[in-house]
Colleague: 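Before I ask anything, here is the structure I am working with.
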Number of protein chains: 2
Amino acid sequence: MPQRGGAADMAEPIRAVIFDVFGTLVDWRTGIAREVHGRLGRRVADPEAVADAWRALYQPSMEAVRSGQRPYAKLDVLHRESLDRVLADLKLHDVDEPTRRELTLAWHRLDAWPDVKPALLRLRERFRLAPCSNGNIALMADLARRNGLPWDTICGADLARDYKPKPAVYRAAADAFDCRPAEVLMVAAHSSDLAAAEAAGLRTAFVARPQEMAHGRGERHAAQPVDYSAPDLAHLATQLGT
Amino acid sequence: MPQRGGAADMAEPIRAVIFDVFGTLVDWRTGIAREVHGRLGRRVADPEAVADAWRALYQPSMEAVRSGQRPYAKLDVLHRESLDRVLADLKLHDVDEPTRRELTLAWHRLDAWPDVKPALLRLRERFRLAPCSNGNIALMADLARRNGLPWDTICGADLARDYKPKPAVYRAAADAFDCRPAEVLMVAAHSSDLAAAEAAGLRTAFVARPQEMAHGRGERHAAQPVDYSAPDLAHLATQLGT
């Protein structure tokens, strides 16, 4: 899809840049598969399939919160519940409690794509930066420490006590920075996230992460018009004049 | 008052250290007086008295939120309302809107006491760190940038949508770090803040900041038992083994 003219077309300058994290900044699939293999060994034939099965329960688990069916529960809690289902499906009923707990924390130990840290350091010179992820604050703080991500604060689900793509999550991030939604740029590798951010009044930037999914099947292009589109964060930082 | 035995007495290790900010980490009185003088000049005879008058409205302004009389409003909003009252009391009715707006942002431009940054860098090696202030996130983010404060995230009033000393504010900070309250150490120069943190289940550290108040009248000692007590943050960092 064509990208829009970018900042020059816009009335308001961008003051803050916020980021989706799983897939956009960190490689969840390789990291989760590595820890599944490390902790369950040959009991699991295909660790990447386990990562995919676990991630497949991500949206349904949050939907119970978004729909009001259950009160807000942080992603660590949902991840653990989903893991229990995945292990049950694999007939791995005897995986012990400490292993389940450590596997859940594998989401705190993911690696960033190599372009992320240097691009964030450039963007930080001009913009306020925060993750706007469905991951909880402790999870985001651990990823930031591991990967040197220079956040001003951590926005996202824990701050809004609801999950993306609910508009309140994007708006809470803008409000945290004392910004109007149009002064905030949401960066993601997923068109659905950007469509929701745009509906909430934010500006949007697509970054391609085909390697997020098996066989390079992550999105290569935004499915709808966006304000910026880039093959990686380094290019986006350049487009934003940093 | 005597201090308790410190970490050796405690069952649970400290995993996160959170901080009061105004007075404990930054010198609000000198900073506000400087900006009042800079923007209102000789119209104000005693800029420090204006800082004191503004700060005197701090607790009453939050009490309306704490008591449920009004919905949560961030500290920037309360600061602005209080400023309008202070200027009215001084018969400075003609101070224009941009000046009022810039004066309100003076709270975002305060300087840290000189021991703060190096001590936080030491503490960061072992603990998760966050402010737990009644200041809103944007205000805290601006203070962090100005003074190089290495936070993992920003906790406090905006996260809890209520004001200290309500227990929810301290507990929300612990929960953000996936900690039990007893795993979190609250650091403040004000006994009342520490008493509330202790009542919420946190551990407590007093830091003396006599220069916070006119004539060195800030608290020199905690008014009740605390887990740690130090003349500045460097000593506290040492007591905590960093």
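Below, chain A is the first sequence line, B the second, and so on; all start at residue 1.
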Colleague: Surrounding CZ of A:Arg85 (heavy atoms of other residues, nucleotides or ligands, distance under 6.0 Å), is the total greater than 12?
Modeller: no
Colleague: Which atoms form the tightest heavy-atom contact between B:Arg124 and A:Arg145, and what is the distance?
Modeller: O-NH1, 2.8 Å
Colleague: Between B:Ala176 and chain A, with a heavy-atom cut-off of 4.5 Å, which part of the residue counts as in contact: side chain, backbone, both or neither?
Modeller: both
Colleague: Out of B:Asp178, B:Asp175, B:Leu159, which one pairs with A:Ile137 under the side-chain contact (heavy atoms from CB on, under 4.5 Å) rule?
Modeller: B:Leu159
Colleague: Select all residues of residues 104-116 of chain A having any heavy atom within less than 4.5 Å of some heavy atom of chain B, and report them by number, or 'none'.
Modeller: A:His108
Colleague: Give a yes or no on whether B:Lys117 atom NZ has more than 12 heavy-atom contacts from other residues, nucleotides or ligands under 6.0 Å away.
Modeller: no
Colleague: Work out which heavy atom in B:Ala138 is nearest to a heavy atom in A:Phe177; give both atom names and the distance.
Modeller: CB-C, 3.8 Å
Colleague: What part of B:Asp152 gets closer than 4.5 Å to chain A, counting heavy atoms only: side chain, backbone, both or neither?
Modeller: both
